[in-house]
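Here is the naming used below: chain letters follow the sequence lines, and residue numbers restart at 1 for every chain.
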Amino acid sequence: MFIKKFPFIERKEKSMHIFIRDEFDLYKIIHSGQCFRAVEINDGLFRFITGRHVLYIRHIQGIRYDVSCSPYLWNHLWKPYFDLSENYEAIRNSISPNDHYLQKAADYSRGIRILRQDPWETLITFIISQRKSIPAIASAVEKLCQKAGEEIKTPLEILYTFPTPQKLSSLSQEDLKACSLGYRIPYISKSAEIIKKSPHLLKDMATYDDEKLLNALMELPGVGIKVANCTALFGFHRTALAPVDVWIQRVIDQKYEGSNPFPTYGQKAGIMQQYLFYYAQSTGMK
DNA sequence: TGGCAGGCCAATT
DNA sequence: AATTGGCCTGCC
């Protein structure tokens, strides 16, 4: 029984009832491939981590949700994190009726949102992601956090923060090997070293325009065009950018006759990319 | 049981 | 400038 296992979420001082009026689907969000640490820890109960903050959230019914944080943190941290000031329903409704495949994909993927994740964590996790399956990525990231992150105690469990650049660059080869990072180890150590030595680099990057940001990211070892686009979209919220991975390439080849449709989506290209990616993956397009 | 997995990089044309 | 092989290793 949920109430016995998770009493805190039933207690007024630790949990809060909130309303989310725009489309919002926790299951789809954690399976959309943009984040690797969020999980459904129990039937209908989801856990998200950002920085030292942990959120447990449950969909009750309709627009009603229970969250395990204070009103202040909900408004100032988690609402921005879930991009709740953006109207995704309006974005879906703006899709051209001529774009049948995107219409179908967006309808299927209704409720996905582009999270505002930490740029540093996003950078490293997407360097790790290359040539790995999503479960393998999640497992490697989790090992890294357990080895080098700081402990976070919640009423339910002990978790770990994502390691800082200082901590990550100080890890031994042996430690990194234990995290199943394979040939990406030098990419990660070197990138961490660069970010450690230039503490303002990521903050500066936030002020760059999209093209300059991509070029700056690709200066880092292990960051090519795809990882740069993912970092920019998911870590810097650059929604005009649409990462092209093998799945999206299949969509372009098979559904758009080889011509990349994203330029026509303008500032919403990244959101459309997520719809297409999630739909292509779910339908097992090959 | 092996082949493959949300690429990147360097060597080769 | 464009193409191609090699790479660590866990997962299905």
Side-chain angles (χ1 to χ4, degrees), chain A residues 28-39 101-102 105 108-109 112-115 117 119 121-147 168 171-195 213-236 238-239 241-256 258 260-262 269-286:
Chain A
K28 292 178 191 172
I29 289 168
I30 72 165
H31 291 99
S32 64
Q34 60 181 302
C35 57
F36 301 104
R37 298 199 69 198
V39 287
Y101 188 74
L102 179 59
Y108 182 88
S109 308
I112 287 179
R113 313 193 67 89
I114 306 287
L115 303 179
Q117 301 183 75
E121 176 174 342
T122 308
L123 169 66
I124 299 299
T125 54
F126 278 94
I127 291 177
I128 293 172
S129 77
Q130 57 186 86
R131 297 292 295 177
K132 270 182 177 294
S133 62
I134 290 175
I137 300 164
S139 155
V141 171
E142 211 48 48
K143 286 181 196 167
L144 198 56
C145 294
Q146 284 180 13
K147 187 162 284 290
L168 198 46
L171 285 184
S172 67
Q173 294 293 109
E174 196 179 37
D175 284 336
L176 291 167
K177 272 197 169 172
C179 298
S180 309
L181 302 173
Y183 67 89
R184 307 157 194 80
I185 286 176
Y187 298 159
I188 292 163
S189 323
K190 287 177 192 167
S191 288
E193 187 70 18
I194 291 168
I195 301 300
L213 173 61
L214 290 178
N215 288 327
L217 288 167
M218 285 191 290
E219 296 282 309
L220 298 167
V223 181
I225 188 65
K226 192 271 181 179
V227 170
N229 271 277
C230 286
T231 306
L233 175 58
F234 305 127
F236 292 89
R238 299 305 175 92
T239 56
L241 300 178
V244 177
D245 53 43
V246 295
W247 291 94
I248 292 297
Q249 190 59 52
R250 282 179 205 145
V251 171
I252 293 172
D253 291 342
Q254 296 175 28
K255 306 294 175 182
Y256 291 89
N260 187 321
F262 292 110
I271 298 170
M272 304 311 177
Q273 188 269 9
Q274 278 290 279
Y275 291 151
L276 291 172
F277 177 81
Y278 184 75
Y279 185 59
Q281 270 225 329
S282 311
T283 55
M285 175 186 276
K286 282 277 160 25

K.L.:
If we count only N and O atoms by modelled type, under 3.5 Å, do the side chains of A:Gln34 and A:Ser32 hold a donor and an acceptor together?
P.N.:
yes
K.L.:
Over how many whole Å does the gap from A:Glu174 atom CD to C:dC8 atom P extend?
P.N.:
18 Å
K.L.:
Could you tell me the separation between the CD1 atom of A:Ile137 and the P atom of B:dC8, rounded to a whole number of Å?
P.N.:
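Whole-Å distance recorded here is 12 Å.
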K.L.:
If you pin A:Tyr187 and A:Ala136 to their nearest nucleotides in DNA chain C, which one's is more 5'?
P.N.:
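Closer to the 5' end of DNA chain C: A:Tyr187.
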K.L.:
Pairing check on B:dT13: which nucleotide meets the Watson-Crick or G-U wobble criteria with it, both distances under 3.5 Å?
P.N.:
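Per the H-bond distance test, C:dA1.
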K.L.:
I want to verify a distance call: between B:dG6, C:dC11, B:dC8, whose nearest atom is closest to the A:Ile225 side chain?
P.N.:
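Between B:dG6, C:dC11, B:dC8, the one nearest the side chain of A:Ile225 would be B:dC8.
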K.L.:
Going through the checks in order, is the ring pair (Phe, Tyr, Trp, His ring centres under 6.0 Å) test met by A:Tyr101 and A:Tyr275?
P.N.:
CA-CA 10 Å; A:Tyr101 188 74; A:Tyr275 291 151; over 10 Å; no
K.L.:
The side chain of A:Tyr183 lies closest to which of these nucleotides: B:dC8, C:dC11, C:dC8?
P.N.:
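The closest nucleotide is C:dC8.
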K.L.:
What distance, rounded to whole Å, do you find between the two P atoms, one in C:dT4 and one in B:dG6?
P.N.:
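Here C:dT4 and B:dG6 have their P atoms 22 Å from each other.
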K.L.:
Under 4.0 Å between a side-chain N or O of A:Ser129 and OP1 or OP2 of B:dG6?
P.N.:
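For A:Ser129, the contact criterion (side-chain N or O under 4.0 Å from OP1 or OP2 of B:dG6) is not met.
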K.L.:
Do A:Asn215 and A:Glu219 have side-chain atoms, one donor and one acceptor, less than 3.5 Å apart?
P.N.:
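The answer is no; no qualifying pair exists.
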K.L.:
On DNA chain C, check which nucleotide each of A:Gln130 and A:Pro135 is closest to and give me the residue with the more 5' one.
P.N.:
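In this pair, the answer is A:Gln130.
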K.L.:
Any base atoms under 4.0 Å from A:Gln274, or only sugar-phosphate, or nothing? Heavy atoms, all strands.
P.N.:
nothing
K.L.:
Yes or no on side-chain contact (heavy atoms from CB on, under 4.5 Å) for A:Leu214 and A:Thr231, after CA distance, side-chain angles and deciding distance?
P.N.:
CA-CA 9 Å; A:Leu214 290 178; A:Thr231 306; over 6 Å; no
K.L.:
Name the nucleic acid region contacted by A:Pro243, choosing base, sugar-phosphate or nothing; use a 4.0 angstrom heavy-atom cut-off, strictly under.
P.N.:
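It contacts nothing in the nucleic acid.
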K.L.:
To the side chain of A:Arg250, which of C:dC11, B:dA5, B:dG6 is closest?
P.N.:
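Closest of the options to the side chain of A:Arg250: B:dA5.
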K.L.:
Could you state the atom-to-atom distance from CZ of A:Arg131 to P of C:dG5 in whole Å?
P.N.:
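After rounding, the reported distance stands at 13 Å.
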K.L.:
Quote, to the nearest angstrom, the P distance that separates C:dC8 from B:dT1.
P.N.:
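Pairwise P distance, C:dC8 against B:dT1, rounds to 25 Å.
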K.L.:
If B:dC8 has a Watson-Crick or G-U wobble mate with both distances under 3.5 Å, name it; if not, just say none.
P.N.:
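Base-paired to C:dG6.
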K.L.:
With side-chain contact (heavy atoms from CB on, under 4.5 Å) as the test, would you mind laying out the steps for A:Lys226 and A:Gln130 before giving the verdict?
P.N.:
CA-CA 9 Å; A:Lys226 192 271 181 179; A:Gln130 57 186 86; over 6 Å; no
